[in-house]
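Inspection log for the structure reproduced underneath, given as structure tokens.
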Number of protein chains: 2
Amino acid sequence: MPKIEVCLTPALLHLYDIENSIVVVIDILRATSSITYGFENGATAIIPVMDVEDCETYRDLGYLLAAERNGEVVTGFDFGNSPFSYTKEKVENQTIVLTTTNGTKAMRMAQERAYEVIVGSFLNITAVCNYLKQQNKDVLLLCAGWKDNFNLEDTLFAGAVVAQLTDGFALADDAGVAALDMYEQAKTDLRGYLRKSSHSHRLIKLNIEEDVQFCLKPDLCTAIPVLRNEKLVRLT
Amino acid sequence: MPKIEVCLTPALLHLYDIENSIVVVIDILRATSSITYGFENGATAIIPVMDVEDCETYRDLGYLLAAERNGEVVTGFDFGNSPFSYTKEKVENQTIVLTTTNGTKAMRMAQERAYEVIVGSFLNITAVCNYLKQQNKDVLLLCAGWKDNFNLEDTLFAGAVVAQLTDGFALADDAGVAALDMYEQAKTDLRGYLRKSSHSHRLIKLNIEEDVQFCLKPDLCTAIPVLRNEKLVRLT
């Protein structure tokens, strides 16, 4: 039976042996949610980069540039990382270059060693779980966290995935047990649970309540983004 | 209002600003439980060291030497790290040199920057909480974890401390929220909850069920160990 593990932050990734694992990168607010939604709406590819400067180097190459810092679209860029920017009208048949600090870092670190790196969010949770059930590979759920530390929303999502996969996978670490318990406690009101977060004041200040609500909706999408070399493309 | 935070493993300690914080080091199974019990039973000092070799260098200096690896007392040493070794008959007026990988590492790392480093366990939980309430300093609960990764038992204890301190402290990070929720879920049967742990098979194999039960008992002790230079001594 393959195993499933939960890595609570990228700062702990070195502790996991992932050479034969599918790594699911999780950055619920908002990178992996927006990426999922972008592929659902027909994006051709999304290139995740670390910095606004990296993003800038793609200018004049025909890409859409997405850059946000402190909740605001960076001047001169096409849009930020709100999922509502990733509509069909904007992204269909486009390649997007997206700067997202936590999410990009997690993807690149995982890619160095993992069998495969895919992107998960509540928006595509069942599609991701069904895919994982079919692969018969070990799974690592990698929470991008907040500046290398633990956060509630990514861990809740990891728990939601564990809840769907308990039958066919061996739950192999304490973080998975904790994530599952948190999710079971929170599942009837995920938004309410996140109000306990230390980030909740930050989220209110950013005025992204609609984004948060949207990012917690399950199964609006069937797209699964997968990292191939430098680009995310649609796997299914 | 001072803040309280929870650091889930020593690998995340660099993310916390602890210059003005009291750090409570937590290694429930079994280092910080045994250390607490040792001071309760009259030990003069306990010197935590990383390796059996470090421990060996104290031989012939009149100290008791405690070294255990893989659940067995290392040949030639006085005892291991079972709390039942730290009885009054054995430890009163003695200085003990103890090798404990996770706990020692956590203590040394914290000591480099923290205002003060004390030792917590269920055995002295209320004494520790009362002390913290009186200090008006920020608090970091530092889980020693298992080989630098998250574990359930240390996090449960952190949650138990947060539960006692919610009135006078601001809960400042998501890890504290998660720890508190885990504890609230587990508190009526801590031992049962830990059976979900990935380590539970390891614990059974080690044949330390009595140790585990003992290490989960609250308030058997009033001693609070504090790190002063290289030694733990009794604070109160």
Side-chain angles (χ1 to χ4, degrees), chain A residues 3-17 28-29 102 140-141 143-156 158-159 162 166 169-187 189 192-203, chain B residues 3-17 28-29 102 140-141 143-156 158-159 162 166 169-187 189 192-203:
Chain A
K3 69 181 175 190
I4 185 164
E5 296 175 299
V6 175
C7 180
L8 295 173
T9 100
L12 301 177
L13 184 60
H14 64 284
L15 301 171
Y16 292 85
D17 179 15
I28 296 300
L29 298 178
N102 301 316
L140 181 77
L141 306 175
C143 301
W146 176 247
K147 296 187 177 175
D148 257 359
N149 209 339
F150 174 91
N151 77 22
L152 287 181
E153 64 271 19
D154 295 345
T155 310
L156 278 184
V162 171
T166 39
F169 289 81
L171 186 50
D173 65 353
D174 279 10
V177 174
L180 178 59
D181 279 343
M182 284 170 59
Y183 174 70
E184 293 293 343
Q185 210 169 344
K187 65 183 177 186
D189 181 14
Y193 191 86
L194 290 183
R195 286 187 218 288
K196 300 203 263 185
S197 167
S198 57
H199 307 180
S200 66
H201 292 294
R202 186 174 58 82
L203 295 177
Chain B
K3 69 182 177 191
I4 186 163
E5 296 174 300
V6 174
C7 180
L8 295 172
T9 99
L12 302 177
L13 185 60
H14 65 283
L15 302 172
Y16 292 85
D17 179 16
I28 297 299
L29 298 178
N102 301 316
L140 181 76
L141 306 175
C143 301
W146 176 248
K147 295 186 177 175
D148 256 0
N149 209 340
F150 174 90
N151 78 20
L152 287 182
E153 64 272 19
D154 295 345
T155 310
L156 279 184
V162 171
T166 38
F169 289 81
L171 186 51
D173 65 353
D174 279 11
V177 174
L180 178 59
D181 279 344
M182 283 170 59
Y183 173 70
E184 292 294 342
Q185 210 168 343
K187 66 183 176 185
D189 181 13
Y193 191 86
L194 290 184
R195 286 189 218 288
K196 300 203 261 185
S197 166
S198 57
H199 308 181
S200 66
H201 291 295
R202 185 175 57 82
L203 295 177

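What you see below is based on every heavy atom in this structure, not just the backbone, and it leaves out hydrogens, waters and symmetry mates. Residue numbering restarts at 1 for every chain, and letters A, B, ... go by the order of the sequence lines.
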inquiry  = Is A:Ala175 in contact with chain B via its backbone, its side chain, both, or neither, using a 4.5 Å heavy-atom distance?
reply    = both

message = Against B:Trp146, only a single residue in B:Asn102, B:Leu29, B:Leu152 fulfils side-chain contact (heavy atoms from CB on, under 4.5 Å); can you say which?
response = B:Asn102

Separation of B:Asp148 CG from A:Leu15 CG (nearest 0.5 Å) = 6.0 Å

inquiry  = Does any backbone or side-chain atom of B:Thr9 lie under 4.5 Å from a heavy atom of chain A? Answer side chain, backbone, both or neither.
reply    = side chain

note = Heavy-atom closest pair (B:Asp174 atom, A:Glu153 atom, distance to 0.1 Å) is OD2-OE1, 4.3 Å

query = Under a 4.5 Å heavy-atom cutoff, which of A:Ala178, A:Ala186, A:Ala11, A:Gly176 has the most pairs with chain B?
reply = A:Ala178

request  = To the nearest 0.5 angstrom, please state how far the OG1 atom of A:Thr155 sits from the CE atom of A:Met182.
outcome  = 5.0 Å

note = If you tally heavy-atom pairs under 4.5 Å between each of B:Asn149, B:Leu12, B:Leu171 and chain A, the highest tally belongs to B:Asn149

